[in-house]
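What follows is a short report on a single structure.
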Amino acid sequence: MYAFDFVKPSSLDEAVAALADEGAQPLSGGQTLLASMKQRLNAPEKLVSLRAIPELQGVRREGDTLVVGAATTHARVTTEAAADYPGLAALAGQIGDPAVRNLGTIGGSLANNDPSACYPAAVLGSGATVATNRRKIAADDFFAGMFTTVLEEGEIITAVHFPIPQRAAYAKFQQPASRFALTAAYVAQFADGVRVAITGASEGGVFRWSEAEAALSADFRPEAVAGLKAPAEGMIGDLHGTPEYRAHLVGVMTRRAVAAAR
Amino acid sequence: MPKDGGIGASTKRREDNRFLTGNGRYTDDINLRGQAYVHFLRSDVAHGRIKGIDTSAAEAMPGVIRIFTAADFSAAGGLPCGWQVTDRFGQPMQEPKHPILAEGKVRHVGDPICGIVAETLEQARDAAEAIEVDIEELPAVIDMAKALEDGSVKVHDDLTSNLCYDWGFVEENREAVDEAFARAAHVVSVDLVNNRLCANPMETRVAIGDYDPWNDQHTLYTTSQNPHVIRLLMGAFVLSLPEHKLRVVAPDVGGGFGSKIYHYAEEAFCTQAAKWLKRPVKWASTRSEAFLSDAHARDHISRIELALDADHNFTAIRSTTLANMGAYLSTFAPSIPTWLHGTLMAGPYKTPLVYVNVRAVFTNTVAVDAYRGAGRPEATFQLERVIDQAARELGVDPVELRRKNFIKPDQFPYQTPVALEYDSGNFDATLDKALQLSDYANIDKRVAEAASRGKLRGIGMSQYIEACGIAPSNLVGQLGARAGLYETATVRVNATGSISVLTGCHSHGQGHETSFPQIVADMIGIDASQIDLVHGDTANTPMGMGTYGSRSIAVGGSALVKATNKIIDKAKKIAAHLLEASPEDIELKDGKFSVAGTDKSVEWAAVTLAAYVPHNYPLEDLEPGLEETSFYDPNNFTFPSGCYICEVEVDPETGKVDIVNFTAADDFGVVINPMIVEGQVHGGLAQGIGQAMTENCVYDENGQLLSGSFMDYTMPRADDVPSFTVDHSQFTHCTHNPLGAKGCGEAGAIGSPPAVVNAVIDAMHRGGLTHVRHIDMPVTPSRVWAAMQN
Ligand SMILES: Cc1cc2nc3c(=O)[nH]c(=O)nc-3n(C[C@H](O)[C@H](O)[C@H](O)COP(=O)(O)OP(=O)(O)OC[C@H]3O[C@@H](n4cnc5c(N)ncnc54)[C@H](O)[C@@H]3O)c2cc1C
């Protein structure tokens with residue numbers, strides 16, 4: 001780790017101001033950022049902690065929407081979203097281990113946009129809106145490929161607004177070593193149709209599986225997607241699975257998510 | 001019932017109090033006054049010629065004390081190899097120099113180029129980034145078969161090729177084996193890979209060098225399984241320091257599994273740099289560094305062939321292996337694929353003819369050496385896979401095929417065709433026990449029930465025998481070992497009767513501090529809490545060879561029995577004097593000496609006090625004091641054996657394998673502490689299952705390690721393994737050591753991998769996927785799924 005400055009503002013305005021400095025970077029749960037700093041792969045000059053800002057914390061219901069503050073830990077989402085949006089709560093409970101869930105946050109996960117991360121699937125699969133200190137970004141516009149989002153320099157995610165579906169579920173097949181998603185599917189059924197988001201599989205990061213969405217919008221049963229095959233082209237191939245294997249798992253995990261949806 | 005605290009008692013591990021309360025003292029917990037830190041700049045390319053190293057900018061950076069390169073160590077020797085293998089043609093193996101810092105070339109990613117010593121670790125790391133190393137990259141030698149092709153790039157320019165040795169065993173049997181195959185009614189063969197592993201003990205390696213001008217004494221604190229071996233190798237071969245000027249201390253060691261046997265470059269560096277800089281120098285490996293610098297393990301590519309006659313008797317075994325040595329020869333590397341592997345190729349079977357050929361190969365990868373089981377898992381995997389395959393091809397029961405070919409209980413001692421003489425064993429007994437405990441008979445019902453849930457269920461077995469408790473020194477000397485393999489114990493009885501046991505063994509998690517005192521407590525009949533074990537420091541323990549090869553109880557414990565017997569003999573003489581009787585009439589029971597047939601007695605503590613306060617003492621016949629040392633050199637290996645049965649369920653949609661039952665029935669001879677033995681079996685099974693299902697060290701063709709962190713190297717976790725059923729009731733005594741004990745530390749890792757793979761293949765076949773012949777380890781979901789597709 002290189003030397004860096006550290007500030008822990010208690011309001012969003014102060015954080016935004018602090019982030020205007022050259023080389024400043026937000027720190028949320030640190031579960032991704034600190035590891036990369038220890039390996040000297042990342043060298044921010046100043047870390048602006050978002051953990052003491054009350055408006056970034058917590059889960060609250062606003063009508064048909066569940067609003068999750070950006071600095072809310074996975075552990076809090078697991079318990080506090082359980083009644084209103086059980087599919088989302090269950091996903092949060094499958095991230096990492098207790099230590100990671102007690103520190104890692106939804107904002108950090110989304111800003112990082114790891115192609116194997118879990119939250120991007122929930123956000124895209126729910127058609128959520130990502131709120132920042134500058135604007136509101138629809139999930140369909142937010143993710144811009146592996147480890148890339150449309151966030152600009154100095155832009156902070158403040159909250160995520162999830163429309164609550166009729167039913168939803170996340171089916172995750174773990175990469176054996178990291179236990180991130182080797183391939184996972186998030187399926188959500190709304191009055192006006194079904195959304196299916198796949199994470200872990202594609203070289204382009206999280207994506208919507210439109211063929212499955214169409215089939216499930218017509219018939220929300222696992223059998224409806226049994227005949228569908230995702231193409232292997234563009235899928236990730238690595239030590240843990242070939243593109244063909246991941247493409248196969250896209251189908252399996254989608255069916256399992258449909259079966260589990262509630 | 002065993003006496004509490006004595007032999008056979010599941011006494012709780014006393015050392016766990018400090019480990020579990022944060023009071024352990026590991027090498028990294030030691031911080032010496034004025035200590036400086038070293039960071040090693042390591043090669044990020046697998047193979048290249050060093051054209052120049054410019055340290056000038058780095059030298060000027062804050063906190064930098066000195067930067068060392070190979071040139072500074074020109075007077076030092078290379079890291080020695082402790083075993084010389086002689087090839088099929090009677091020639092010694094090719095043995096390249098292994099410098100402390102890379103000389104002229106870098107030979108693997110992680111090869112240390114410079115050692116940067118600075119006031120703080122971060123300053124050393126900063127300076128490393130300012131060093132300019134000019135490396136002309138060379139093609140990396142990674143694939144073993146290609147490495148042996150004519151014209152291949154050479155890892156070591158001064159060797160004739162990348163072949164370390166071409167070993168044949170038993171070379172005289174080569175033709176006879178070929179003829180047996182030509183005559184055989186059935187021949188079955190399997191090509192398989194024994195995957196490369198990284199041991200990954202919880203504690204990474206640490207070394208601290210210290211030099212004291214007051215007595216011209218060097219001290220090395222290091223994470224070692226065998227401090228005396230490090231003192232010998234580093235002192236005699238690398239730094240030319242005589243033993244009396246070098247002390248090696250290994251305090252608590254947080255796991256090793258073999259990877260902390262070897263003498264590593266960082267140890268020699270810190271010891272020497274401390275003297276040059278007149279300051280203690282500390283190095284602590286990061287986990288990332290461990291993947292690139294700890295010795296790796298296994299990495300064999302083999303063809304195993306089994307010949308059978310018309311009645312399904314095994315008539316010959318032929319095994320052909322390419323064994324990866326990595327870029328340099330680690331301390332015991334050459335012995336693993338040869339003497340610890342070829343000699344086990346008879347297994348528990350009567351196969352009369354065996355021929356094993358091993359070609360060891362240099363590649364641009366981290367050095368490969370022993371890891372829990374070392375050679376024996378590779379042999380067992382080959383045998384137990386090919387036998388299962390034979391049963392399948394012949395349409396016979398795999399249990400009965402094995403049983404038919406077992407060496408039977410009345411055939412011991414049994415001379416195998418591969419040099420070993422098994423002293424004891426009862427393979428039918430452990431097999432029957434495992435069959436019973438695993439409810440093998442009802443597997444069909446469980447398969448059907450699993451099928452109703454959409455799962456493919458299968459069962460697989462493995463019957464292993466292994467040679468451990470290493471080793472008879474004169475025998476291993478003939479085989480090329482450059483060290484003896486006895487063990488020592490000093491029993492130091494104090495005046496008040498408490499005892500310090502000093503041993504050359506060194507626990508790195510095995511619970512010696514509990515089990516060694518149990519032996520003495522049992523023999524003398526005093527409470528084990530009166531006995532402490534001292535180990536891990538060459539300054540206060542007798543020269544011994546350390547802990548590996550499941551040797552500590554079998555060899556070190558036997559030394560302890562011998563030394564304790566000397567103590568008892570002498571104590572009886574003192575007691576006889578005090579009781580005015582003849583020593584032959586003195587009996588020792590429950591810590592009390594009495595004259596046979598009388599009510600005259602004297603307590604242990606009164607005798608020990610007399611030894612040190614010899615007022616009423618036969619000084620003309622007997623020296624005062626009560627301290628004895630024994631060196632025990634075993635006259636054979638010990639041969640634990642057993643039967644492992646694994647039951648799995650495969651998810652046909654994803655290829656994911658779950659182990660639903662695992663039964664281990666072992667013959668460890670006499671067990672000192674059953675709880676500790678079970679713990680050893682559990683750990684061994686977890687690591688064997690790790691090899692079979694999850695762990696894999698993978699290099700790409702450029703020699704970059706793809707599995708260089710826990711994000712990609714899959715250590716088995718608690719939820720990857722089932723609740724084990726373990727049993728050691730079916731034991732036979734080791735016939736040649738005083739305890740009757742056999743080693744138990746490695747068995748789990750030796751016997752389990754083939755049981756797992758056999759179970760997966762069985763599940764495939766029971767599920768109708770009869771085209772699946774073999775799946776290489778680790779049997780990951782993606783591999784199983786891919787195998788199911790074709
Ligand atoms: C052992 C382990 C296992 C894990 N397993 C999983 C898993 O199974 N599934 C999974 O999805 N993830 C997993 N993770 C990742 C985990 O979920 C992290 O918490 C997450 O990726 C990052 O969140 P964080 O709050 O820790 O962010 P940080 O590490 O603090 O930050 C990550 C990045 O986001 C930026 N950032 C943080 N907050 C904001 C914000 N509000 N606005 C803009 N930018 C911001 C930071 O500057 C940084 O670039 C695992 C992590 C570990 C260490």
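Letters A, B, ... are given to chains in the order of the sequence lines, protein chains preceding strands, and every chain is numbered from 1. Because the structure is a prediction, the values reported are computed rather than measured.
Heavy-atom pairs under 4.5 Å with chain A peak, among B:M715, B:K656, B:R717, at B:R717.
Heavy atoms closer than 4.5 Å to chain A are found in the side chain of B:D651, but not in its backbone. At a 4.5 Å heavy-atom cutoff, the contact between B:D126 and chain A is made by backbone and side-chain atoms alike. In this structure, chain A has heavy atoms under 4.5 Å from both the backbone and the side chain of B:P781. Heavy atoms closer than 4.5 Å to chain B are found nowhere in A:R246, neither backbone nor side chain.
Without hydrogens or angle criteria, A:H248 side chain to B:T654 main chain gives no donor-acceptor distance under 3.5 Å.
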Exercise for review: Go through the steps to decide whether B:T714 and A:H240 satisfy the test side chain to side chain contact (heavy atoms under 4.5 Å, CB included), and finish with yes or no.
Suggested key: CA-CA 10 Å; B:T714 315; A:H240 307 286; 4.2 Å; yes

Practice item. Start with the C-alpha gap between A:R256 and B:E653, add the side-chain angles, then the distance that decides, and say whether side chain to side chain contact (heavy atoms under 4.5 Å, CB included) holds. Key: CA-CA 11 Å; A:R256 290 186 181 181; B:E653 284 191 318; 2.7 Å; yes

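Separation of atoms CD (A:Q175) and OG (B:S782) is listed at 10.0 Å; rounding is to 0.5 Å. To the nearest 0.5 Å, atoms CE (A:M1) and CG (B:L121) are separated by 12.5 Å.
Partner A:Y2 forms a side-chain hydrogen bond (donor to acceptor under 3.5 Å, both in side chains) with one of B:E129, B:E122, B:R125 and no other, that one being B:E129.
For residues 701-713 of chain B, heavy-atom neighbours of chain A at less than 4.5 Å comprise B:L706, B:S707, B:F710, B:M711, B:D712, B:Y713, sorted by residue number.
For the pair B:D719 and A:R179, the salt-bridge criterion is met [side-chain N within less than 4.0 Å of a carboxylate O].
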